[in-house]
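Data block below; observations after.
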Amino acid sequence: MKGKEMFNALVVTKDEEGKTAAAVQEIDTDQLPEGDVTVAVDYSTVNYKDGLCIGPGGGLVRNYPHVPGIDFAGTVEASDDARYKPGDKVVLTGWRVGEAHWGGYAQKARVKADWLVPLPDGITTRQAMAVGTAGFTAMLAVMALEDHGIKDGPVLVTGAAGGVGSVATAIIANLGHEVAAVTGRPETADYLTGLGATRIVPREELNETTKRPLEAETWGGCVDAVGGEMLARLLGQMKYGASVSAVGLAGGAGLPATVIPFLLRGVNLLGIDSVMQPYDNRLRAWDRIAKDLPMDKLEAMVQPATLADLPGLGRDILKGQVKGRVVVDVNA
Ligand code: NDP
């Protein structure tokens with residue numbers, strides 16, 4: 001076993017008055033939490049939850065000082081678990097890492113072996129984090145739609161220029177479906193078309209409330225990252241028997257809907273949770289990502305960042321201002 005090593009991390013602290021602050025610090029390996037596997041982290045990302053954890057109040061952080069970062073990819077450095085050996089490439093999403101257990105905003109992480117997944121062949125650690133939790137969740141959402149049958153007609157993706165939406169758009173288009181991408185940022189139209197969207201739907205079209213619980217049957221499926229009024233509205237536009245994978249609440253946690261789309265159109269509302277996915281599902285989703293997500297399109301989504309950029313990016317993602325996926329090179 002190597003002796004104590006120093007490394008950089010973004011550490012969130014809380015003072016006696018409850019005020020939180022996030023700054024890059026040098027810490028050492030003895031400070032890492034308990035776990036079976038120590039990973040030399042290559043990349044992490046910025047997800048909506050990370051924005052909450054870095055921001056004022058600490059969001060979902062359960063213990064201080066804390067290293068946020070709900071996902072990471074890297075190389076196993078030491079392992080007490082027979083499934084992993086030094087040199088193995090691994091990826092982690094979920095399991096409250098970055099909230100209750102120190103996460104990926106550091107050059108080293110120590111976690112439970114059960115939380116890791118071996119990186120599939122053909123994906124680099126950087127590509128894995130270009131996908132990250134958002135992209136992994138997008139894949140789970142698509143798999144759930146497939147399990148229930150995607151109907152004829154365009155598949156709607158809401159919050160399309162965000163992380164989940166961008167990856168969902170690229171995957172669904174690559175599978176041969178038409179994609180209608182809902183965005184509040186018209187300037188992202190070329191970007192979304194480049195990912196494979198065939199139609200851009202302005203956010204206002206779906207944000208306007210209507211008293212009609214049912215509208216024209218339009219969408220063959222939907223990946224919804226927005227929730228709130230937009231989800232309520234689009235439920236009434238789904239084709240008979242079509243499904244909506246509900247992923248997020250960027251537009252609100254309320255759901256001012258009626259039961260009519262479920263009763264009269266057999267619409268399925270599928271909840272997607274990426275955090276507690278069992279190992280086999282995680283492996284299946286990562287294998288599908290390697291197969292069904294064009295890596296050149298993934299590259300178009302990437303915004304590179306360093307640990308020092310994180311406080312600003314955390315604020316941006318909470319304002320819905322991040323385009324695509326932020327990939328944090330923790331060693332830069
Ligand atoms: P991003 O911030 O990258 O994307 C969210 C997008 O939603 C924005 O880019 C914007 O897209 C749109 N949006 C933001 N605010 C509003 C609003 N008020 N009304 C309508 N649209 C809005 O976040 P992610 O893609 O990483 O995550 C999206 C959601 O999914 C979050 O709520 C997140 O917590 C959740 N999530 C859930 C997971 C799960 O396991 N269920 C896993 C990962 C994420 P545009 O500019 O194109 O309109």
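We count ligands from 1, going down the list as the structure has it; atoms in each ligand are counted the same way. Just so we're clear, the structure is a prediction, and the values are computed from it rather than from any experiment. Excluded from the calculations below are hydrogen atoms, water molecules and symmetry mates; all remaining heavy atoms, backbone and side chain alike, are included.
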Between Glu77 and Lys85, does at least one N-O distance fall below 4.0 Å, as a salt bridge requires? no

With the threshold set at 4.0 Å, does a side-chain nitrogen-carboxylate oxygen contact exist between Glu215 and Arg233?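 Judged by the 4.0 Å cut-off on N to carboxylate O distance, Glu215 and Arg233 do form a salt bridge.
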
At less than 3.5 Å, what protein N or O atoms come close to the N or O atoms of ligand 1? Include the distances to 0.1 Å.
{"from": "ligand 1", "atom 1": "3 (O)", "to": "Gly163", "atom 2": "N", "distance (Å)": "2.9"}
{"from": "ligand 1", "atom 1": "9 (O)", "to": "Gly162", "atom 2": "N", "distance (Å)": "3.4"}
{"from": "ligand 1", "atom 1": "9 (O)", "to": "Arg185", "atom 2": "NH2", "distance (Å)": "3.0"}
{"from": "ligand 1", "atom 1": "15 (N)", "to": "Ala250", "atom 2": "O", "distance (Å)": "3.4"}
{"from": "ligand 1", "atom 1": "21 (N)", "to": "Arg203", "atom 2": "NE", "distance (Å)": "3.3"}
{"from": "ligand 1", "atom 1": "25 (O)", "to": "Gly163", "atom 2": "N", "distance (Å)": "3.1"}
{"from": "ligand 1", "atom 1": "25 (O)", "to": "Val164", "atom 2": "N", "distance (Å)": "2.8"}
{"from": "ligand 1", "atom 1": "32 (O)", "to": "Leu249", "atom 2": "N", "distance (Å)": "3.0"}
{"from": "ligand 1", "atom 1": "32 (O)", "to": "Ala250", "atom 2": "N", "distance (Å)": "3.4"}
{"from": "ligand 1", "atom 1": "40 (O)", "to": "Ser274", "atom 2": "N", "distance (Å)": "2.8"}
{"from": "ligand 1", "atom 1": "40 (O)", "to": "Ser274", "atom 2": "OG", "distance (Å)": "2.7"}
{"from": "ligand 1", "atom 1": "41 (N)", "to": "Val247", "atom 2": "O", "distance (Å)": "2.9"}
{"from": "ligand 1", "atom 1": "41 (N)", "to": "Ile272", "atom 2": "O", "distance (Å)": "2.7"}
{"from": "ligand 1", "atom 1": "46 (O)", "to": "Arg185", "atom 2": "NE", "distance (Å)": "2.6"}
{"from": "ligand 1", "atom 1": "46 (O)", "to": "Arg185", "atom 2": "NH2", "distance (Å)": "3.2"}
{"from": "ligand 1", "atom 1": "47 (O)", "to": "Ala161", "atom 2": "N", "distance (Å)": "3.0"}
{"from": "ligand 1", "atom 1": "47 (O)", "to": "Thr183", "atom 2": "OG1", "distance (Å)": "2.7"}
{"from": "ligand 1", "atom 1": "48 (O)", "to": "Gly184", "atom 2": "N", "distance (Å)": "2.7"}
{"from": "ligand 1", "atom 1": "48 (O)", "to": "Arg203", "atom 2": "NE", "distance (Å)": "3.4"}
{"from": "ligand 1", "atom 1": "48 (O)", "to": "Arg203", "atom 2": "NH2", "distance (Å)": "2.8"}

Using salt bridge (charged side-chain N to carboxylate O under 4.0 Å, His left out) as the criterion, point out the one residue from Asp114, Asp88, Asp36 that pairs with Arg83. Asp114

Applying side-chain hydrogen bond (donor to acceptor under 3.5 Å, both in side chains) to Asn207 and not counting sequence neighbours gives none

Going through the checks in order, is the side-chain hydrogen bond (donor to acceptor under 3.5 Å, both in side chains) test met by Asp50 and Tyr105? CA-CA 10 Å; Asp50 295 315; Tyr105 291 168; 3.3 Å; yes

Quick check with a 6.0 Å cut-off and a 45 degree axis cone: is Lys323 positioned over the face of Tyr191's six-membered ring? yes

